[in-house]
Amino acid sequence: MLQVVLTGLSTGAIYGLVGMGFAIVFYVTRVINFATGQLLMASIMITAGLSAANWPAVAAIAVGLAASTLGGVLIYFLAVRPVLRFDRLSFAWLVSTLGVAIILESAAALIWGTSSLSFPQLLNGRDVNIFGSALTWQQIITIIIALAIVITFEIVHRKTLFGKLGTAISSDPEIASAIGANVTLYAVQAFAVGGLLAGIAGTLVGPISFANPYLGETYGIYGFIALMIGGIERPAASMGGGFILGILSTLASTYINPQASDWFPFVVVLAVLLLTPKGVFMSGDALKRRLGAVARRKTSAASGSVL
């Protein structure tokens with residue numbers, strides 16, 4: 001069981017990083033960048049392509065991360081800002097970001113082909129024994145980096161003026177702009193950070209998978225599910241949602257069947273949304289009220305059936 005949980009944590013860390021990429025963009029701009037998964041894919045494909053061209057691994061990874069970060073910024077300026085300037089309350093960004101996702105996926109298939117490329121190995125494949133369970137150094141580093149990113153985000157969010165202004169902008173961009181906050185700059189930074197987190201997730205998952213133009217679709221979906229499980233209003237909660245999703249999916253593929261991880265995440269998110277639509281990590285009082293309401297409805301239904 002411990003082996004399954006630890007493996008689930010390492011997988012969930014990837015989902016959580018992608019979920020945080022979604023969440024930070026939404027937190028500041030109230031936009032969901034549906035091309036986040038494709039930015040992960042772009043980082044992986046560029047790194048793998050440069051590595052195949054005999055670039056040093058570190059240089060290839062740096063270019064891949066820079067590309068995903070810049071990609072996030074370009075998505076804001078080319079696909080989001082124009083539609084928001086036309087109508088800030090419209091959902092046209094949903095179509096435009098989905099369009100960018102399709103374009104990036106098609107472009108990657110055109111440039112590198114549909115065959116998978118190998119990603120450079122960063123760490124040795126030797127297992128580390130943890131209370132009788134085994135994890136690779138790659139899995140351990142993945143969990144550590146994910147937790148470090150969450151802690152760093154929370155410190156910046158809670159303790160710095162930058163983080164507090166971001167909160168003000170997310171609450172009311174007009175008032176924040178009126179007091180001198182550069183709303184556009186914060187939006188650009190949010191999209192850049194979202195792209196960077198997707199790139200980091202790609203760098204961490206690349207060594208244990210193959211670089212493929214269609215990889216972003218899978219991780220984009222699971223990252224979005226992690227976002228919904230954790231709670232869309234709290235970016236750091238997406239990591240918790242990722243850990244939950246990773247552990248439950250690994251349990252399902254281990255004890256139900258290997259293909260269960262393809263459909264079980266959707267069962268999990270449906271159950272979470274039915275019980276607590278704002279996510280698992282919403283406030284405790286709100287969750288208690290929700291559970292109480294469910295219990296009262298069941299009690300009333302049972303009483304009615306008796307009568």
Side-chain angles (χ1 to χ4, degrees), residues 16-40 42 67-104 149-150 152-154 156-158 160-201 216 220-221 223-228 230-239 241-242 277-279 281-282:
L17 285 171
V18 179
M20 283 190 70
F22 278 113
I24 289 173
V25 168
F26 179 82
Y27 183 74
V28 176
T29 66
R30 288 302 186 257
V31 168
I32 294 176
N33 179 13
F34 283 107
T36 300
Q38 280 64 35
L39 291 176
L40 173 148
S68 65
T69 304
L70 179 60
V73 174
L74 290 177
I75 287 171
Y76 172 72
F77 280 113
L78 299 178
V80 175
R81 191 166 185 246
V83 299
L84 291 182
R85 291 183 69 180
F86 180 75
D87 184 358
R88 191 178 67 83
L89 299 179
S90 76
F91 287 90
W93 49 261
L94 190 154
V95 177
S96 63
T97 57
L98 282 173
V100 170
I102 295 172
I103 291 171
L104 288 175
I149 288 174
V150 171
T152 301
F153 173 82
E154 283 296 294
V156 172
H157 178 223
R158 296 173 183 270
T160 67
L161 178 61
F162 180 83
K164 292 175 182 178
L165 282 176
T167 301
I169 290 171
S170 69
S171 300
D172 196 322
E174 284 80 9
I175 292 180
S177 181
I179 63 174
N182 191 330
V183 176
T184 299
L185 178 60
Y186 270 82
V188 170
Q189 291 171 336
F191 271 83
V193 171
L196 176 61
L197 290 178
I200 292 173
I221 291 173
F224 185 73
I225 291 176
L227 167 71
M228 300 306 295
I232 198 168
E233 296 291 341
R234 294 180 60 190
S238 296
M239 186 58 67
K278 291 186 177 181
F281 298 101
M282 59 192 251

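The figures that follow rest on heavy atoms only: side chains count, while hydrogens, waters and symmetry mates do not. Keep in mind it's a predicted model, so treat the numbers as computed, not measured.
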So, for F224 and F34, which heavy atoms are closest and what is the spacing to 0.1 Å? CE1-CE2, 4.2 Å
Roughly how far, to the nearest 0.5 Å, is the CZ atom of F191 from the CG atom of L196? 15.0 Å
Within the structure provided, determine whether K278 and I232 are in side-chain contact (heavy-atom separation under 4.5 Å). no
Can you name the closest pair of heavy atoms from G220 and V18 and give their distance? CA-CG1, 4.4 Å
G21 and L197 have their tightest heavy-atom pair at N-CD1, 3.9 Å
What's the spacing between R158 CZ and T160 OG1 if we round to 0.5 Å? 12.0 Å
Heavy-atom side-chain contact between I24 and F153 under 4.5 Å: yes
Any heavy-atom pair between the side chains of V25 and T36 that's under 4.5 Å? no
Closest heavy-atom pair and its distance - W93, V83: N-CG2, 3.9 Å
Look up atom CD1 in I103 and atom CG in L98, then write down how far apart they are to the nearest 0.5 Å. 11.0 Å
Closest non-hydrogen contact found for A237 with G231 is CB-O, 4.3 Å
Taking side chain as C-beta onward, heavy atoms only, is E233 less than 4.5 Å from F26? yes
Drop me the distance from Q189's CD to T184's OG1, to the nearest 0.5 angstrom. 11.0 Å
If you look at every heavy atom in S238 and M20, which pair is closest and at what distance? CB-N, 3.7 Å
Distance-only donor-acceptor pairs under 3.5 Å for side chains of residues 67-82, two or more places apart:
| from | atom 1 | to | atom 2 | distance (Å) |
| --- | --- | --- | --- | --- |
| S68 | OG | L65 | O | 2.9 |
| S68 | OG | G195 | O | 3.0 |
| T69 | OG1 | L65 | O | 2.9 |

